[in-house]
**Student:** 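Encoded as structure tokens, here's the structure I'll be asking about.
As the structure is a prediction and not an experimental result, all values here were calculated from the model. Note that the numbering runs from 1 along the sequence shown for the chain.
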Amino acid sequence: MASMSDQTTPATGPDGGTGNRPGGGSGNGNGTELIGQIAASIRRERERSGLSMAELARRAGIAKSTLSQLESGAGNPSVETLWALGVALNVPFSRLVDPPRPVVKVIRAGEGPVTHSERADYAATVLSSCPPNARRDIYRIEAQPGETRASDPHMPGTVEHVLIGAGRALVGPTEAPVELGPGDYVSYPGDAPHVFRALAPDTLAVIVMEHI
């Protein structure tokens with residue numbers, strides 16, 4: 001996370017409080033970029049939590065008009081306001097201000113870092129390394145063409161990894177799923193709406209759910 005002292009100025013927040021503003025400072029566009037990033041993060045986390053703007057404002061103890069300004073990128077939130085929103089959304093402060101991580105990773109069959117055995121016709125491709133203190137649950141999926149399997153968001157921080165063994169499927173975030181074939185891999189946030197739709201008979205896949 002960027003150092004607050006490098007780009008903040010004490011000011012009265014839009015909710016009447018005082019504190020360091022993440023978007024403060026002058027002389028470059030970093031403040032404007034950060035405010036836009038925070039606006040998108042607040043809106044994303046509120047929608048993921050299924051909260052209305054009025055309900056989130058109530059839980060955080062700020063005015064609805066203030067929250068509306070923040071989500072539109074017109075506000076300049078104090079640190080105190082962001083902490084209050086993080087608590088109300090049940091997410092870390094850093095989730096609202098850190099640069100977003102790549103949300104979807106696709107590795108097609110034949111791609112990725114490969115290591116080979118010296119004694120057998122055997123090759124291993126690293127698709128994803130497990131982060132510290134994470135738990136991974138593994139599922140074998142058998143699916144047929146027809147109705148899309150739509151999943152609601154799982155707990156915050158969940159990541160899903162999908163490897164297609166046979167058939168074809170449309171997999172990933174609801175708004176931008178990826179078509180995959182045998183040997184293709186994708187990872188995406190499991191804490192946002194996502195789908196799995198078989199496109200060919202007897203589609204087989206392995207899904208790994210990662211919980212931090």
**Student:** Would you say Leu204 and Ile164 are hydrophobically clustered, going by side-chain heavy atoms of ILVMFWY under 4.5 Å?
**Tutor:** no
**Student:** Checking side-chain contact (heavy atoms from CB on, under 4.5 Å) for the pair Phe196/Ile141: CA distance, chi angles, key distance, verdict?
**Tutor:** CA-CA 10 Å; Phe196 186 105; Ile141 304 300; 4.2 Å; yes
**Student:** Judged by atom type as modelled, is there a donor-acceptor pair below 3.5 Å linking the side chain of Arg168 to the main-chain atoms of Ala200?
**Tutor:** no
**Student:** Mind listing the closest non-hydrogen atom pair of Ala150 and Val195 along with its distance?
**Tutor:** CA-CG1, 4.2 Å
**Student:** State, yes or no, whether a side-chain contact exists between Ile62 and Leu67 at a heavy-atom distance under 4.5 Å.
**Tutor:** yes
**Student:** Would the distance check show the side chain of Thr174 and the main-chain N or O of Pro193 forming a donor-acceptor pair, the cut-off being under 3.5 Å?
**Tutor:** yes
**Student:** Applying the 4.5 Å side-chain criterion to the ILVMFWY set and letting contacts propagate, would Val162 and Val106 be lumped into a single cluster?
**Tutor:** yes
**Student:** Look at the side chain of Asp191 and the backbone N and O of His154, then say whether any donor-acceptor pair between them is shorter than 3.5 Å.
**Tutor:** no
**Student:** I'd like to know if the side chain of Thr203 and the backbone of Gln144 have a donor-acceptor N/O pair within less than 3.5 Å.
**Tutor:** no
**Student:** Passes side-chain contact (heavy atoms from CB on, under 4.5 Å), Ile107 versus Asp184? Steps please.
**Tutor:** CA-CA 6 Å; Ile107 299 178; Asp184 289 345; over 6 Å; no
**Student:** Would Asp202 and Glu142 satisfy side-chain contact (heavy atoms from CB on, under 4.5 Å), going step by step from the backbone distance to the final call?
**Tutor:** CA-CA 7 Å; Asp202 301 322; Glu142 302 174 25; over 6 Å; no
**Student:** Without swapping roles, check the side chain of Lys64 against the backbone of Glu55 for a donor-acceptor pair under 3.5 Å.
**Tutor:** no
**Student:** Do the side chains of Arg135 and Glu210 get close enough for a salt bridge, i.e. N-O under 4.0 angstrom?
**Tutor:** no
**Student:** Look at the aromatic rings of His194 and Tyr188 and report parallel, tilted or perpendicular, splitting at 30° and 60°.
**Tutor:** tilted
**Student:** Find out if a path of hydrophobic residues (ILVMFWY) with successive side-chain heavy-atom gaps under 4.5 Å connects Leu163 to Val159.
**Tutor:** no
**Student:** Quick check: does any side chain N or O of Ser72 sit under 3.5 Å from a backbone N or O of Ser68, one acting as donor and the other as acceptor?
**Tutor:** yes
**Student:** Donor-acceptor check, side chain of Asp137 to backbone of Met209, threshold 3.5 angstrom: yes or no?
**Tutor:** no
**Student:** Quick one: are Pro177 and Val171 in side-chain contact, heavy atoms under 4.5 Å?
**Tutor:** no
**Student:** Would you say Tyr185 and Val208 are hydrophobically clustered, going by side-chain heavy atoms of ILVMFWY under 4.5 Å?
**Tutor:** no
**Student:** Crowded around Arg197 CZ? As in, over 12 foreign heavy atoms under 6.0 Å?
**Tutor:** no
**Student:** Atom CZ of residue position Arg136 - does it have more than 12 heavy atoms of other residues, nucleotides or ligands inside 6.0 Å?
**Tutor:** yes
**Student:** Please tell me if the side chains of Pro77 and Ile38 come closer than 4.5 Å, counting only heavy atoms from C-beta onward.
**Tutor:** yes
**Student:** Can you give me the closest heavy-atom contact between Ala88 and Ala60, atom names plus distance?
**Tutor:** CB-N, 3.9 Å
**Student:** List the steps and the verdict of side-chain contact (heavy atoms from CB on, under 4.5 Å) for Glu160 and Ile207.
**Tutor:** CA-CA 7 Å; Glu160 289 197 357; Ile207 293 183; 4.3 Å; yes
**Student:** Could you tell me the separation between the OG atom of Ser78 and the CG atom of Leu82, rounded to the nearest 0.5 Å?
**Tutor:** 6.5 Å
**Student:** Honestly curious: do Met155 and Val91 fall in one hydrophobic cluster under the side-chain, below-4.5 Å linking rule?
**Tutor:** no
**Student:** Verify, without hydrogens or angle tests, whether Arg43 (side chain) and Glu71 (backbone) share a donor-acceptor contact under 3.5 angstrom.
**Tutor:** yes
**Student:** Find out whether Leu70 and Leu85 are in side-chain contact, i.e. whether some heavy atom of one side chain is under 4.5 Å from a heavy atom of the other.
**Tutor:** yes
**Student:** With no hydrogens and no angle check, is any side-chain donor or acceptor of Ser41 less than 3.5 Å from a backbone partner on Gln37?
**Tutor:** yes
**Student:** Evaluate the side-chain proximity of Val178 to Leu180: yes if any heavy-atom separation is below 4.5 Å, no if none is.
**Tutor:** yes
**Student:** Start with the C-alpha distance between Arg149 and Glu147, add both sets of side-chain angles, then the distance that settles salt bridge (charged side-chain N to carboxylate O under 4.0 Å, His left out), and finish with yes or no.
**Tutor:** CA-CA 6 Å; Arg149 169 72 171 100; Glu147 190 71 21; over 6 Å; no
